[in-house]
K.L.:
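Sharing a structure, written as C-alpha cells. Questions coming.
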Amino acid sequence: MLTAEDLASVKTKSELVRKLDEKGTDVSDILNKIKYEEELKSLQIELVKFQQWVKKNNKRVAIIFEGRDAAGKGGSIRRFMEHLNPRSSRLVALNKPTDIEKGQWYFMRYIKELPNPGEIVFFDRSWYNRAVVEPVMGFCTDEQYNTFMAQVPEFEHMLYEDGLIIIKFWLSISKNEQLARFNSRQENPLKRWKFSPVDKKGQELWGRYTTYKEHMFSKTHTTYSPWVIVRTNDKQEARLESIRYVLSKFDYEGKDEAVANLFPDPNVVMHYFRSSYQID
C-alpha cells in the first residue's frame, strides 16, 4: 500500500506506476488504463481537427450507432463528442414517436434531425429501429416493416446524392457479455435506470434479433452506405477503433501531423461483407 508520504512524492503518472511497482503491486491494469487514456486523448485531438475541417468546408456528417442493448452505443458517442464544439455537433436520441409522428412518413422525424452544413450529428439509434427492434418487439406491423425495408436503400441513396455523408456503425456484442453488462447495471444504483423490460426481452429473443439483424444487413448494406461492424466485447478497444475508422475516411487538414495511429484494426472494425464471423 502507498503511504501519504509516497503519494506526496508522486508528480506524474509514470512516477506513480514506478512507486506501485516498487511496492510489489500488479500495475498491468493501471498501465493499460493509462495507455487507453493517452491514446483516446490523441484521437480526440484529431476529432477536433476533423470537426474544424467539416465546419470550414460545409460538410454534413451523420454517424449512426446501432446495435443490441448494452453494446456500448452511448459510451462510444460520449468519447466522440467529449471535446467537440457543441455549436457544430449534437446528439440525436429520439423517444418513441408521438401520435402525430405516427401518422407521418416514417422517415420524417429523422429528416428533421439530419446535419446542417458544417455539422456532425451522432445518432444513438436511428431509422433502423424499424429494421430490428420494432419488428422483434411487435412495435410495427409486417406491412410497415416491409415498406421500410423497401424504402430505406432509396432514402439513403437520395441523401448520398445530396452530399450527406453517413457512417453506419453496428456495435456487435456477444450474448454472454450482454448478460454480464445487464447484471452489472442492475447491481449498480447509478446505472440501474439503463435496464428496462425491453433489455430483458433482448436476451430471451436473441435468435429473433439475429434473424432481423442479418436481413437488415443483406438488404441495406450498399456501396454508398455500407454497414461497419465493431466488435465491442472490449469497450475501450471498440471506442478507440471506431474513432480511428471515422478519422481514416477523411483527408482533413492537419491529419499528417497526427501522433495517434489512424488505421483501424480490421479484427475489430470491418465492413459487413468482410465479417465472416460475428460474435452476435
Side-chain angles (χ1 to χ4, degrees), residues 62-74 76-77 90-115 121-160 162 164 166-175 178-179 181-182 185 193-222 224-230 232 272 275 278 280:
I63 305 178
I64 291 172
F65 290 80
E66 290 287 347
R68 298 178 192 261
D69 293 310
K73 296 180 289 296
S76 292
I77 292 172
R90 56 188 167 90
L91 168 66
V92 175
L94 299 183
N95 291 317
K96 63 181 183 180
T98 64
D99 288 339
I100 291 177
E101 288 172 333
K102 287 177 182 178
Q104 296 174 342
W105 182 41
Y106 178 75
F107 293 97
M108 184 68 71
R109 70 191 196 120
Y110 294 102
I111 289 173
K112 293 184 290 186
E113 301 292 348
L114 291 174
V121 174
F122 298 87
F123 284 85
D124 186 345
R125 295 198 182 276
S126 66
W127 46 88
Y128 280 102
N129 269 336
R130 180 143 292 179
V132 181
V133 176
E134 289 189 18
V136 168
M137 301 304 296
F139 295 157
C140 69
T141 66
D142 289 345
E143 182 181 1
Q144 289 172 327
Y145 169 76
N146 291 329
T147 298
F148 170 82
M149 293 301 291
Q151 290 181 346
V152 68
E154 293 300 320
F155 171 67
E156 290 180 356
H157 191 253
M158 286 190 290
L159 297 179
Y160 168 77
D162 197 52
L164 181 68
I166 302 177
I167 294 175
K168 301 189 303 194
F169 282 127
W170 177 269
L171 305 191
S172 181
I173 184 175
S174 68
K175 188 175 184 180
Q178 185 192 57
L179 180 59
R181 292 183 189 179
F182 283 166
R185 287 178 177 183
W193 62 271
K194 291 185 175 183
F195 190 77
S196 71
V198 173
D199 293 335
K200 186 177 180 180
K201 280 281 188 181
Q203 280 275 303
E204 297 172 8
L205 300 172
W206 184 271
R208 190 166 166 80
Y209 267 95
T210 300
T211 298
Y212 277 97
K213 168 181 71 79
E214 289 300 319
H215 191 242
M216 175 189 74
F217 288 153
S218 69
K219 297 298 183 183
T220 66
H221 178 85
T222 60
Y224 53 86
S225 187
W227 276 105
V228 181
I229 311 297
V230 184
T232 64
Y272 163 66
S275 177
Q278 294 182 43
D280 67 344

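Position 1 is the first residue of the sequence; numbering continues from there. Scope of the values below: all heavy atoms of this structure, side chains included, with no hydrogens, waters or symmetry mates.
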K.L.:
Shortest non-hydrogen contact from Gly202 to Tyr209?
P.N.:
CA-CE1, 3.8 Å
K.L.:
Considering only heavy atoms from C-beta outward, does the side chain of Phe155 approach that of Ile111 to under 4.5 Å?
P.N.:
yes
K.L.:
Report the residue from Ile77, Val92, Leu94 that forms a side-chain contact (heavy atoms from CB on, under 4.5 Å) with Asp124.
P.N.:
Ile77
K.L.:
Does the pair Arg125/Asp69 count as a salt bridge with the N-to-O cut at 4.0 Å?
P.N.:
yes
K.L.:
At what distance, to the nearest 0.5 angstrom, does NE2 of His215 lie from OG1 of Thr210?
P.N.:
14.5 Å
K.L.:
What distance separates Lys213 NZ from Arg208 CZ, expressed to the nearest 0.5 Å?
P.N.:
15.0 Å
K.L.:
Hey, what's the ring geometry for Phe148 with Tyr128, parallel, tilted or perpendicular (30° and 60° as the breaks)?
P.N.:
perpendicular
K.L.:
Where do Gly67 and Lys73 come nearest, in terms of heavy atoms and distance?
P.N.:
O-NZ, 3.3 Å
K.L.:
Determine whether a donor-acceptor pair (N or O, by modelled atom type, separation under 3.5 Å) exists between the side chain of Tyr145 and the backbone of Arg130.
P.N.:
no
K.L.:
Would you say Arg181's side chain and Ala70's backbone share a donor-acceptor pair under 3.5 angstrom?
P.N.:
yes
K.L.:
If only atom types and distance count, is the side chain of Thr232 paired as donor or acceptor with the main-chain N or O of Leu171 below 3.5 Å?
P.N.:
no
K.L.:
Is the shortest side-chain heavy-atom distance between Ser225 and Thr220 below 4.5 Å?
P.N.:
no
K.L.:
Going by side-chain contact (heavy atoms from CB on, under 4.5 Å), Glu66 matches just one of Phe169, Phe123, Trp227. Which one?
P.N.:
Trp227
K.L.:
Is it true that a side-chain atom of Asn146 and a backbone atom of Asp142 form a donor plus acceptor pair closer than 3.5 Å?
P.N.:
yes
K.L.:
Quick one: does NZ or CZ of Arg68 land under 6.0 Å from the six-membered ring centre of Trp170, within 45 degrees of the ring axis?
P.N.:
no
K.L.:
Quick check: does any side chain N or O of Tyr106 sit under 3.5 Å from a backbone N or O of Trp127, one acting as donor and the other as acceptor?
P.N.:
yes
K.L.:
Looking only at heavy atoms, which two atoms of Pro135 and Cys140 are closest? And how far apart?
P.N.:
N-SG, 3.8 Å
K.L.:
Is any side-chain heavy atom of Gln203 less than 4.5 Å from a side-chain heavy atom of Gln178?
P.N.:
yes
K.L.:
Inspect the contact between Glu156 and Lys168 and indicate whether a charged nitrogen and a carboxylate oxygen are less than 4.0 angstrom apart.
P.N.:
yes
K.L.:
Is there a side-chain contact (heavy atoms from CB on, under 4.5 Å) between Trp206 and Lys201? Walk through the geometry before answering.
P.N.:
CA-CA 8 Å; Trp206 184 271; Lys201 280 281 188 181; over 6 Å; no
K.L.:
Return the minimal non-hydrogen interatomic distance between Val121 and Leu114, and the atom names on each side.
P.N.:
CG2-C, 4.4 Å
K.L.:
Please give me the minimum heavy-atom distance between Lys96 and Arg109, naming the atom from each residue.
P.N.:
C-NH1, 4.0 Å
K.L.:
Supply the atom-to-atom distance Glu113 CD to Phe122 CZ, rounded to the nearest 0.5 angstrom.
P.N.:
14.5 Å
K.L.:
Working to the nearest 0.5 angstrom, can you tell me the gap between Glu214 CD and Met216 CE?
P.N.:
8.5 Å
K.L.:
What's the shortest heavy-atom distance between Met149 and Pro153, and which atoms?
P.N.:
O-CD, 3.4 Å
K.L.:
Between the side chain of Thr211 and the main-chain N/O of Gly207, is any donor-acceptor distance below 3.5 Å?
P.N.:
yes
K.L.:
Quick one, Leu205 and Met137 - any side-chain contact, counting heavy atoms below 4.5 Å?
P.N.:
yes
K.L.:
Answer yes or no: are there more than 12 heavy-atom neighbours, outside Phe217 itself, under 6.0 Å from its atom CZ?
P.N.:
yes
K.L.:
Counting only heavy atoms not in Glu143, do more than 12 sit closer than 6.0 Å to its CD atom?
P.N.:
no
